[in-house]
Amino acid sequence: MPKKPSKSPAGKGPRTPARKPARVAAKRPTAAAKAISKAAPDLTQERIVRALETIAAHLSAQGNPAAEPESFERADAYVWHPDERLSAVPRVSRVELFLLKGVDRMRDILMENTERFAGGLPANNALLWGARGMGKSSLVKAAHASINADRKPADKLKLIEIHREDIETLPALMEQLRASSFRFIVFCDDLSFDGNDASYKSLKAVLEGGIEGRPENVILYATSNRRHLLAREMIENERSTAINPGEAVEEKVSLSDRFGLWLGFHRCSQDEYLAMVRGYCGHFGIKMDDEALEREALEWSTTRGSRSGRVAWQFVQELAGRLGVKLAGK
């Protein structure tokens with residue numbers, strides 16, 4: 001049978017099929033987006049070039065040789081910097097060897113060791129430890145000057161100071177000194193280690209135990225207020241917390257064992273303190289009644305709470321300034 005036409009609502013024509021929703025047309029990139037897209041690779045490439053230039057400049061600065069062997073003829077003392085550069089010190093701050101009082105035994109031992117080293121004979125690294133202000137660093141500088149006093153320029157010892165914070169660069173310094181014909185005292189003042197500082201391990205390898213070892217033309221002198229260069233609480237903490245306390249403590253205190261020469265400095269007596277003051281006054285021409293000098297020197301040490309060579313020198317500076325005397329020759 002023929003199908004009947006479908007009825008439509010009143011007033012309306014025949015029903016038309018529903019249209020499917022049109023697909024959203026993809027947005028075409030605008031001109032600005034095209035420009036950004038095109039510029040992005042250029043910007044990235046520019047950043048990479050700048051980064052490479054910065055790295056190259058940094059490596060170039062680090063790679064420059066710090067000091068050629070012949071440059072050691074310019075001066076007898078140098079300071080080592082962490083960027084592997086040596087700077088000459090035209091005038092070393094020091095006192096004369098004979099002005100150091102109360103350290104006669106340590107002075108004689110260090111001088112003998114230094115003379116042997118200067119003469120090409122075997123000598124030991126030296127650790128000068130003990131009471132503060134008793135002339136440990138002054139003795140090293142005075143011994144260096146005394147040894148060089150009568151030596152020819154080609155035979156003079158060179159003194160190189162390395163700061164405690166730069167100990168990790170010590171192997172780089174040794175590499176530079178190894179090729180030189182001069183002989184060197186590498187000096188580190190107030191050497192000590194705290195907390196989790198592990199740089200002492202590199203120092204141990206340089207002193208003894210490394211494959212290359214210490215260069216034959218280099219000796220290390222260090223000063224410290226601590227006999228084992230480590231804080232007492234560090235050693236006690238190892239004893240209380242380590243699985244094997246004995247091994248942990250041995251590993252830390254073995255650093256000082258790498259110094260073959262230990263020189264202990266102790267607090268001076270009142271007579272030694274007054275001898276230091278009188279020695280300075282006589283050397284620099286400071287004239288004062290001995291009784292008044294003794295009274296003022298003891299009063300000065302009492303206000304400072306200690307007696308030492310440093311306190312004696314500070315009193316002499318005060319006295320010289322008050323009397324209008326210049327400390328020429330220091």
Side-chain angles (χ1 to χ4, degrees), residues 91-114 126-147 149 159 161 164 185 187-192 221-229 231-232 256 259 261-330:
R91 183 175 180 270
V92 178
S93 176
R94 59 180 178 83
V95 298
E96 300 294 336
L97 189 63
F98 67 88
L99 289 175
L100 299 176
K101 307 293 184 180
V103 293
D104 297 350
R105 180 175 174 275
M106 286 72 77
R107 177 199 62 202
D108 294 343
I109 294 174
L110 188 68
M111 283 295 298
E112 182 181 353
N113 190 70
T114 309
L127 174 62
L128 291 72
W129 68 276
R132 65 185 188 276
M134 282 304 298
K136 298 184 291 294
S137 58
S138 296
L139 180 56
V140 172
K141 293 183 286 186
H144 168 255
S146 179
I147 293 294
L159 180 67
E161 182 178 14
R164 151 72 190 87
I185 298 175
F187 169 54
C188 184
D189 189 27
D190 197 19
L191 179 62
S192 61
Y221 286 175
T223 68
S224 177
N225 294 333
R226 301 166 178 169
R227 182 176 181 180
H228 292 296
L229 304 177
R232 183 180 297 275
S256 57
F259 293 89
L261 197 61
W262 284 10
L263 300 178
F265 289 69
H266 307 285
R267 299 185 183 278
C268 63
S269 64
Q270 178 173 299
D271 291 339
E272 290 172 336
Y273 168 73
L274 292 174
M276 296 173 188
V277 172
R278 293 189 178 100
Y280 284 132
C281 290
H283 179 67
F284 295 111
I286 302 175
K287 300 185 181 301
M288 188 177 187
D289 179 69
D290 189 69
E291 184 176 344
L293 178 66
E294 179 176 330
R295 183 179 63 253
E296 290 194 21
L298 292 177
E299 182 181 355
W300 179 272
S301 67
T302 301
T303 59
R304 294 302 305 272
S306 65
R307 291 190 297 262
S308 67
R310 181 178 297 143
V311 173
W313 172 246
Q314 291 168 346
F315 168 70
V316 170
Q317 284 184 308
E318 163 69 18
L319 187 61
R322 193 194 329 149
L323 299 178
V325 178
K326 293 184 178 181
L327 299 179
K330 176 179 179 292

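The residues of the chain are indexed from 1 along the displayed sequence.
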Which atom names give the shortest non-hydrogen contact between Met111 and Leu97, and what distance separates them? SD-CD2, 4.0 Å
Rounded to the nearest 0.5 angstrom, the CG-CG distance for Asp108 and Asn113 is 12.5 Å
Could you report the tightest heavy-atom contact between Val103 and Met134, atom names first, then the distance? CG1-O, 3.6 Å
Give the C-alpha distance, both sets of side-chain angles, the deciding distance and a yes or no for side chain to side chain contact (heavy atoms under 4.5 Å, CB included) between Ile286 and Leu293. CA-CA 10 Å; Ile286 302 175; Leu293 178 66; over 6 Å; no
To the nearest 0.5 Å, what is the distance between OG on Ser146 and CZ on Arg94? 9.0 Å
Working to the nearest 0.5 Å, report the span between CZ of Arg295 and CD of Glu299. 8.0 Å
Return all side-chain donor-acceptor pairs below 3.5 angstrom for residues 264-275, not counting sequence neighbours, or 'none' if the list is empty.
residue	atom	partner	partner atom	Å
Ser269	OG	Glu272	N	3.3
Glu272	OE1	Ser269	N	3.0
Tyr273	OH	Ala297	O	2.7

Contact check, side chains of Gln317 and Leu327, non-hydrogen atoms, under 4.5 Å: yes
Could you name each residue pair satisfying salt bridge (charged side-chain N to carboxylate O under 4.0 Å, His left out) that touches residues 275-288, not counting sequence neighbours? Arg278-Asp290, Arg278-Glu294
Should the pair Phe98 and His283 be assigned to parallel (<30°), tilted (30 to 60°) or perpendicular (>60°) ring geometry? perpendicular
List the atom of Leu100, the atom of Ala142, and the distance in Å for their closest heavy-atom pair. CD1-CB, 4.2 Å
Is a side-chain N or O of Lys326 found less than 3.5 angstrom from the main chain of Phe284, in a donor-acceptor match? no
So does Leu298 get a backbone contact from the side chain of Thr302, meaning a donor-acceptor N/O pair under 3.5 Å? yes
Atom CD in Glu161, atom OG in Ser137: separation rounded to 0.5 Å? 9.0 Å
Please determine whether side chain to side chain contact (heavy atoms under 4.5 Å, CB included) holds for the pair Leu319 and Val325, giving the CA-CA distance in whole Å, both sets of side-chain angles, and the decisive distance to 0.1 Å. CA-CA 8 Å; Leu319 187 61; Val325 178; over 6 Å; no
What residue pairs, at least two apart or across chains, pass salt bridge (charged side-chain N to carboxylate O under 4.0 Å, His left out) with a residue in residues 304-320? none
Criterion side chain to side chain contact (heavy atoms under 4.5 Å, CB included) on Trp313 and Ser138, from CA distance to verdict: CA-CA 12 Å; Trp313 172 246; Ser138 296; over 6 Å; no
Would you say the side-chain atoms of Tyr221 and Asp189 include a donor-acceptor pair closer than 3.5 Å? no
Please check: side-chain N/O of Ser224 versus main-chain N/O of Leu191, any donor-acceptor pairing under 3.5 Å? yes
Shortest non-hydrogen separation from Val311 to Ser306 and the atoms involved: CG2-OG, 3.6 Å
Roughly how far, to the nearest 0.5 Å, is CG of Leu139 from OG1 of Thr223? 10.5 Å
Flag yes if more than 12 heavy atoms outside Arg132 fall under 6.0 Å of its CZ atom; otherwise flag no. no
Take Leu263 and Leu127, measure what side chain to side chain contact (heavy atoms under 4.5 Å, CB included) needs, and give me the verdict at the end. CA-CA 6 Å; Leu263 300 178; Leu127 174 62; over 6 Å; no
Given the rule in the salt bridge (Lys or Arg N to Asp or Glu O under 4.0 Å) test, do Arg322 and Glu296 qualify, once you have shown the distances and angles that lead to the verdict? CA-CA 13 Å; Arg322 193 194 329 149; Glu296 290 194 21; 3.0 Å; yes
Distance (rounded to the nearest 0.5 Å) between Tyr280 OH and Glu96 CD: 10.5 Å
Return yes if some donor-acceptor pair links the side-chain N/O of Lys136 with the main-chain N/O of Trp129 below 3.5 Å, else return no. no
